[in-house]
Every structure is written in structure tokens, then in C-alpha cells.
Trainee: 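Encoded as C-alpha cells, here's the structure I'll be asking about.
This structure is a prediction, so every number in the text was calculated from the model and none was measured. All chains are named by letter (A, B, ...) in the order of the sequence lines, taking the proteins before the strands, and each is independently numbered beginning at 1. Excluded from the calculations below are hydrogen atoms, water molecules and symmetry mates; all remaining heavy atoms, backbone and side chain alike, are included.
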Amino acid sequence: MKPTRTRFAPSPTGFLHVGGVRTALFAWLVARQSGGQFILRIEDTDQAREVQGSAEHIQKSLKWLGLDWDEGPEAGDEHSPYFQSQRLDTYKDWAQKLVDSGRAYADPYSPEELQEFREHAKAAKKPFLFREHRPENPPAWDGSQPLRLKSEPKNYDWHDEVMGDLHAGSETIDDFILVKSDGFPTYNFAHIVDDYAMQITHVIRSQEFLASVPKYLNLYETLEIERPLLATVPFVMGPDGKKKLSKRDGAKDILDYAKEGYLPEALLNFMATLGWNDGTEQEIFSRDELIAKFSLDRVQKSGAEFDEQRLLWTNGHFIRQLPRDDLFEKVVSFWPPEAVDFDDEYKKRVLALVQERLKYFAELPELTSFFFKDLPVNAELWQDHKQLKKLSSEELRSLLGQSKVSLEQSDFSLEDLTKRLNDLLEAANQKPAVLFSLIRIATTQAPASPGLADTLAVLGKETSLRRIDTMLAAF
RNA sequence: GGCCCCUUCGUCUAGUGGCCCAGGAUAUCUGGUUCUCAUCCAGAAGAUCGCGGGUUCGAAUCCCGCAGGGGUCACCA
């Protein structure tokens, strides 16, 4: 059996978002699970749409996710080059073969004439077919005109690894353009030639190409090359649930997720389970499990809506699973600016308290700022508090003062703090909802924080008492 | 308009004739975990399986029709 070879073939017209990367992920998984190869090919045949630097940007995105390629830019060169713009000779050779055998011809029409044909077809409510205007005596192809395939309309039945058995009538076969008048091949032509040259065994691509597959089947036959297995992956849908996710409705650059502190494993898991599952109730898969369990025939045929909430939950789950030291390393660039004055030991203790609260690393400053600086006194915190607002300023001051006296005696170990806080509860005859809230607000000035004893232990005696004094003066 | 694909809780999904008056996860809500937020635990609510026929003792599952959504009909990929 031939080794499995899959490819991801983006055009360098911008960044990659979840939709595009998921297709790459599926192709990568298929290659990895069979011990085959994953190839990255850059389809830069449209010079007008090309965006400088995006080929590099795309590579960076794949690398971040750990979707490594065996051949392609900066990798194996067995079938190089991997930029289509550098493979023009190959396309020219194949094109010439077709011209010589009478299976391709020069398109003599002007853009205006073509446009007129199209409008006629539209007015007649019929699909536009170029072959209905196939010229009787086309001029010799000198490279200045587009070159079209002389198609052979017929019916096709084929199998798609995701969609199942498919059928299309001959009316879908047309004389599409192989080589544009600028000398560059179209996607429709170049990808078939390259997939063959690079010995791709599985073509895994997004759904927008499904309607073109019969044309490709026709071209495979004309070229007399054996076609690879075909797999069509449904769209990732945008927030409306109807149209495919696009940059227009806010689809993010996958590298933005890196910047915001998402974990590659979480993204991978999220994308894989967006339209795929293994038939069990398992929700979380490691990278290796994904590789072992993925299969194209269990990929959903319908589109799946991108659900930000689910991504957040997945990422939080992976963060919670991370060993503390790993998390500490990953989070280094996300601390609030004031944290530079604190040592690693202190930051690790803070991190331990917020690990289970983090959904993504960029939340870190918001969750931990009071560990690194005194926040201004915020009267709303007790004035709007449903227990504390029942007490007068005098009562609050007295209660907090009483707490201070006890805390001054503490060594601020977790054990001692816990004991003292409990004793205080009894001595003051107060509920935790009152006393703990008051101390928590005084020492953090934040609407939310980790548990009180934990927080005080990390803040330390000096800081805690200083903040209590500040609060005492504010009533 | 032609052709093609799709249609199960808000969302991701399980389900291939009886175990399903539909299971899990997430999101939401409630309760518990000495205070807040989060985690965790327990629970609630949430899908007449797009609609209509048919086959069958029995259908989310098979057949037919319809509707809705999407894609495609580029010298873009």
C-alpha cells in the first residue's frame, strides 16, 4: 500500500482562521495516523490577491499549533518547489500536452464578449456553460489568451470520504480555464497537476469546491492520471449559524489566539470536535488521541457553528490540567506590568490561586492586579454589597478594627489565618458573608478574588494590614 | 434559475428499525462546597428528531414528495 500523503494548500491572501486551519488539521491527522506525510504547498497563482508576508504568517500559524509538515517551505524538498509560482514550467508542459492532443484550446473571446454570454445565460435563468460557445476554429495558443480545457461532458458517480456516494450530471462539466492570460495556471488546473506530481493520496478540502469536483474528474481523465481519494469537509459556520465563517464577520487570525493566551492543544481539540467525534461520549482528546482516533468517515456532513463559549470552556479545561510550572512558563508575558517587581516564587503562589479561574492568559492582569499593587478604595464594593450595606459605617469600622487586632498577631501562615478568621467569626458573632466579605474587600478592593485565607497568605502581613488601615480611614 | 450538499436540545453532537415519549457535552438556571469569582458536586429546564405522506407489529433511523438553509455556475482559490 502506498503511504498516505495529504496536503494543505492555502493561497497567501491573508491570515488563517479557524475554518481554514480545521481543514489543515484534518489533513494533518490523516497523514500522521498512517505514518504518512503532510505537505504544505503555497498556491500563489493569483498575483493580484497575494498579500505580502502572508505565506510566512500561515507557516507561523501552523507551527504554533504543532501542525508540522514533512515537505514544503523550510522542510523536505523531494518534490520542490512548493510555491506554485515557481512551478510554471510544469504547468506549461502539461498544458502543451493537452494542446498537442487537441484537448485544450485558446479562448478567443474578449472579457466583454464573455460577460455578454454570461448575462444571456442569467437572463435565460440557465447556468452559464462556456462549451456552448466553444469556437469552431480557435486560434493557435500563443500564451496571450486563456487556455481552456476541451471537456467531455458525461455523468459521474464517485465516492467522497466524508460526503459518501455522490453523483453529478454532464451539465456540470464545462470548458474551464487551465492557464490564464498572464501565464499563471488556475487553481482548477494547478492543484491537479501538483497533487499528482507530489503523489498526494487524499485531497481534503473545504466544501466550496464540491460543485467543481465533476470538472476535476473530467480533467483527471483527460490527463490520464489516477485520481486521489477525495474528501470534502463542511464549513465552519459564523455566529449566525448559516453562512460560513469568514473574516468579514469577525473570524479571528489563529495567531490572535496565541496572543490572547490560548493553548494550541485546546484549539486543536476545539477544531477537531467541531464536526467530528469518535462516537463515544469523550469530549477532550489529547493530540495523540486525536491522531489515533480521527477518521474522515466520522466527520459531520453539515456545517458546524463556531461557538466561542465552547472554545473558552475547552481552553479553561486545558489550563486547569497544566502542571503549575508549565503554566508558569507559558504565562510569563501575560502578567500585569507591576508584577516585574515581584519574584517568581510570589508569582507562582498567585498563579496557584487563579489557575482554575483562567479561561485564557490575557485575563491574568484582571484577575491578579491586586496582588501586585494597591487598588484605590472602591466604596461601591461595600455600599452595594447585599450584606454589608445593612451595616453602618461605625459598625463596619468596628468590625474591621477588631479583625485587624487579631491579624496583627498572625504569622500569616495559611493555617494560622484560617484559625484566626474562624475565631473572629465567633468572637464577633458574625456570618462569613459579612465578616469575610468585609476583610476581602478591604484587602483586595476587587469585586472578585480567590478565597480569603489563601489571598491573605499570599498578600502577606504588611500589605494586608496596610490595606486594612487605608480602608479604616475611608469609612 | 440549473446542478449539488445539508436539516436531532440555543450550540457541538450520540443515534444506521425495537435498549430512544431521544443520551452526552457546553451554555442557562437552582442548591451545596465557611465570603466574592471560579472550580468541583448535585439537580432543573431545554429537541413534537425541518414538514407531509408511505413501508412496517414498530421509524430519528428505510422509501417518496415538499420546505428551508447553504454552495456553485470567475482569467479567486
Trainee: B/G23 and B/U8: how far apart are their C1' atoms, nearest whole angstrom?
Mentor: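 After rounding to an integer number of Å, I get 11 Å for this pair.
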
Trainee: Measuring only the P atom in each nucleotide, how far is B/G46 from B/G65? A whole number of Å is fine.
Mentor: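 Result for the P pair: 36 Å, nearest Å.
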
Trainee: Is the NZ or CZ atom of A/Arg205 positioned over A/Phe209's six-membered ring, under 6.0 angstrom from the centre and within 45° of the axis?
Mentor: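 Satisfied, under 6.0 Å and within 45°.
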
Trainee: In Å, rounded to the nearest 0.5 Å, how long is the span from CG of A/Leu381 to OG1 of A/Thr444?
Mentor: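 If we round to the nearest 0.5 Å, A/Leu381:CG and A/Thr444:OG1 are 7.0 Å apart.
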
Trainee: Base, sugar-phosphate, or nothing for A/Glu283, non-hydrogen atoms under 4.0 angstrom?
Mentor: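 The residue A/Glu283 makes base contact.
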
Trainee: Using a heavy-atom cut-off of 4.0 Å across all strands, would you classify A/Arg205 as base, sugar-phosphate, or nothing?
Mentor: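 No contact.
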
Trainee: P atom, B/U33 versus B/U7: distance in rounded Å?
Mentor: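 So the two P atoms sit 45 Å from each other.
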
Trainee: Looking for any heavy atom pair under 4.0 Å, which part of the strands does A/Lys122 touch: base, sugar-phosphate only, or nothing?
Mentor: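 If one applies the 4.0 Å heavy-atom cut-off, A/Lys122 turns out to touch nothing in the nucleic acid.
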
Trainee: May I have the distance from A/Phe235 (atom CZ) to B/U7 (atom P), rounded to whole angstrom?
Mentor: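 In whole Å, B/U7 P and A/Phe235 CZ are 15 Å from each other.
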
Trainee: Looking at B/U13, I'd like to know if its phosphate oxygens (OP1 or OP2) sit under 4.0 Å from a side-chain N or O belonging to A/Asn277.
Mentor: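 Answer no for this pair, as no side-chain N or O of A/Asn277 is under 4.0 Å from OP1 or OP2.
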
Trainee: On the ring face of A/Phe128, is A/Arg118 found with NZ or CZ under 6.0 Å from the centre and within 45° of the axis?
Mentor: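 Verdict for A/Phe128: a cation-pi partner in A/Arg118.
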
Trainee: Please give the nucleotide sitting opposite B/C40 as a Watson-Crick or G-U wobble pair, both distances under 3.5 Å, or none.
Mentor: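 Because both required distances fall under 3.5 Å, B/C40 counts as paired with B/G32.
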
Trainee: What is the base-pairing partner of B/G17, counting Watson-Crick and G-U wobble geometry with both distances under 3.5 Å?
Mentor: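 The base-pairing partner of B/G17, which may sit in any strand shown, does not exist here.
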
Trainee: Please report the distance separating the P of B/U72 from the corresponding atom of B/G18, rounded so that it comes out in whole Å.
Mentor: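 Their P atoms lie roughly 39 Å apart.
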
Trainee: Does B/A14 have OP1 or OP2 under 4.0 Å away from a side-chain N or O of A/Gln300?
Mentor: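 Affirmative; the distance criterion is met.
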
Trainee: Quick check: do A/Trp382 and A/Leu396 have side-chain heavy atoms less than 4.5 Å from each other?
Mentor: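 Sidechains of A/Leu396 and A/Trp382: in contact.
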
Trainee: Identify whether the distance between the nearest side-chain nitrogen and carboxylate oxygen of A/Asp175 and A/Lys150 falls below 4.0 Å.
Mentor: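 No, this pair does not count.
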
Trainee: Identify whether NZ of Lys or CZ of Arg in A/Lys215 sits under 6.0 Å from the centre of the six-membered ring of A/Phe176 and within 45° of that ring's axis.
Mentor: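 That pair does not qualify as a cation-pi contact.
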
Trainee: I'd like a table of atom pairs between the protein and nucleotides 75-77 of chain B - only N or O on both sides, under 3.5 Å - with the distance next to each one.
Mentor:
{"unit_1": "B/C75", "atom_1": "OP2", "unit_2": "A/Arg148", "atom_2": "NH2", "d": "3.4"}
{"unit_1": "B/C75", "atom_1": "O2", "unit_2": "A/Ser181", "atom_2": "N", "d": "2.7"}
{"unit_1": "B/C75", "atom_1": "O2", "unit_2": "A/Ser181", "atom_2": "OG", "d": "2.7"}
{"unit_1": "B/C75", "atom_1": "N3", "unit_2": "A/Ser181", "atom_2": "OG", "d": "2.9"}
{"unit_1": "B/C76", "atom_1": "OP2", "unit_2": "A/Lys180", "atom_2": "NZ", "d": "3.0"}
{"unit_1": "B/C76", "atom_1": "O2'", "unit_2": "A/Asp46", "atom_2": "OD2", "d": "3.2"}
{"unit_1": "B/C76", "atom_1": "O2'", "unit_2": "A/Arg49", "atom_2": "NE", "d": "3.1"}
{"unit_1": "B/C76", "atom_1": "O2'", "unit_2": "A/Arg49", "atom_2": "NH2", "d": "3.0"}
{"unit_1": "B/A77", "atom_1": "OP1", "unit_2": "A/Thr45", "atom_2": "OG1", "d": "2.7"}
{"unit_1": "B/A77", "atom_1": "OP1", "unit_2": "A/Lys180", "atom_2": "NZ", "d": "2.8"}
{"unit_1": "B/A77", "atom_1": "OP2", "unit_2": "A/Tyr187", "atom_2": "N", "d": "3.2"}
{"unit_1": "B/A77", "atom_1": "O3'", "unit_2": "A/Glu43", "atom_2": "OE1", "d": "3.1"}

Trainee: Could you tell me whether A/Gly275 contacts a base, only the sugar-phosphate backbone, or nothing, with contacts defined as non-hydrogen atoms closer than 4.0 Å?
Mentor: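 Sugar-phosphate only.
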
Trainee: If the C1' atom of B/A22 is compared with that of B/U13, how far apart are they to the nearest Å?
Mentor: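 Between the two C1' atoms, the distance is 13 Å.
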
Trainee: Please report the closest heavy-atom contact between A/Pro450 and A/Leu353, naming both atoms and the distance.
Mentor: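 For A/Pro450 versus A/Leu353, the nearest heavy atoms are CG-CB, 3.8 Å.
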
Trainee: Hey, which sits more toward the 5' end of RNA chain B by its nearest nucleotide, A/Arg440 or A/Leu358?
Mentor: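 Looking at RNA chain B, the more 5' nearest nucleotide goes with A/Arg440.
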
Trainee: Measure from NZ or CZ of A/Arg148 to the centre of the six-membered ring of A/Phe130, then state whether that distance is under 6.0 Å and the direction lies within 45° of the axis.
Mentor: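 Verdict for A/Phe130: a cation-pi partner in A/Arg148.
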
Trainee: Base, sugar-phosphate, or nothing: which does A/Lys243 touch, judged by heavy atoms less than 4.0 Å apart?
Mentor: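 Since only primed, P, OP1 and OP2 atoms lie under 4.0 Å of A/Lys243, the category is sugar-phosphate.
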
Trainee: For the ring pair A/Phe26 and A/Phe294, is the centre-to-centre distance below 6.0 Å?
Mentor: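 They qualify: ring centres under 6.0 Å apart.
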
Trainee: Using a 4.0 Å heavy-atom cut-off, does A/Pro234 contact any base of the nucleic acid, only the sugar-phosphate backbone, or nothing at all?
Mentor: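 Counting heavy atoms under 4.0 Å across all strands, no contact is made by A/Pro234.
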
Trainee: By nearest heavy atom, map A/Ser437 and A/Met237 onto RNA chain B; which one lands nearer the 5' end?
Mentor: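 Looking at the nearest nucleotide for each, A/Ser437 comes out on the 5' side.
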
Trainee: Assess the pair A/Phe372 and A/Trp335: is the distance between their ring centroids shorter than 6.0 Å?
Mentor: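 Aromatic pair counts; centres sit under 6.0 Å.
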
Trainee: Who is the Watson-Crick or G-U wobble partner of B/G2, with both distances under 3.5 Å?
Mentor: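 Pairing partner: B/U72.
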
Trainee: Can you see if the side chain of A/Lys242 gets near the phosphate of B/G68 - specifically, an N or O under 4.0 Å from OP1 or OP2?
Mentor: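 Looking at the OP1 and OP2 atoms of B/G68, neither is under 4.0 Å from any side-chain N or O of A/Lys242.
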
Trainee: Nearest to the side chain of A/Leu425 - B/U34, B/C37, B/U11?
Mentor: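 So the nucleotide nearest the side chain must be B/U34.
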
Trainee: With distance as the sole criterion, do the side chain of A/Arg310 and the base of B/U11 form a donor-acceptor contact below 3.5 Å?
Mentor: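 It does not, because no donor-acceptor pair links the side chain of A/Arg310 to the base of B/U11 below 3.5 Å.
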
Trainee: Tell me which nucleotide, if any, is Watson-Crick or G-U wobble paired with B/U7 when both distances must be under 3.5 Å.
Mentor: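 When the pairing criteria are applied, B/A67 turns out to be the nucleotide that pairs with B/U7.
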
Trainee: Distance check, C1' atoms only: B/G10 and B/C5, in whole angstrom units.
Mentor: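 To the nearest whole Å, 24 Å.
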
Trainee: Choose from B/G69, B/G15, B/C35 the nucleotide whose nearest atom is closest to any side-chain atom of A/Pro432.
Mentor: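 That would be B/C35.
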
Trainee: CG/A/Leu16 to NZ/A/Lys252 distance, rounded to the nearest 0.5 angstrom?
Mentor: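 Answer for the CG-NZ pair, A/Leu16 versus A/Lys252, is 15.5 Å.
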
Trainee: Might you list the N or O atoms of the protein lying below 3.5 Å from N or O atoms in nucleotides 1-5 of chain B, with each pair's distance?
Mentor:
{"unit_1": "B/G1", "atom_1": "O2'", "unit_2": "A/Lys125", "atom_2": "O", "d": "2.6"}
{"unit_1": "B/G1", "atom_1": "N2", "unit_2": "A/Pro127", "atom_2": "N", "d": "3.4"}
{"unit_1": "B/C5", "atom_1": "O2'", "unit_2": "A/Gln207", "atom_2": "NE2", "d": "3.3"}

Trainee: Should A/Asp307 and A/Arg310 count as an ion pair when the cut-off is N to O under 4.0 Å?
Mentor: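 Between A/Arg310 and A/Asp307 there is no salt bridge, as every charged N stays at least 4.0 Å from the carboxylate O atoms.
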
Trainee: Find the partner of B/A45: check Watson-Crick (N1-N3 plus N6-O4 or O6-N4) and G-U wobble (N1-O2, O6-N3) distances, both under 3.5 Å, and reply none if neither fits.
Mentor: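 Its partner is none (no Watson-Crick or G-U wobble pair with both distances under 3.5 Å).
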
Trainee: Distance check needed: B/A27 C1' versus A/Glu305 CD, whole Å only.
Mentor: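 Those two atoms, CD and C1', are 12 Å apart.
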
Trainee: Give me the distance, rounded to whole Å, that separates B/G53 from B/C4 when you measure between the P atoms they each carry.
Mentor: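 The answer is 27 Å between these two P atoms.
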
Trainee: What distance, rounded to whole Å, do you find between the two P atoms, one in B/G17 and one in B/G24?
Mentor: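 So the two P atoms sit 22 Å from each other.
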
Trainee: Grab the CG-C1' distance between A/Asn315 and B/U26 for me, whole Å please.
Mentor: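 Going from A/Asn315 (CG) to B/U26 (C1'), I get 15 Å.
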
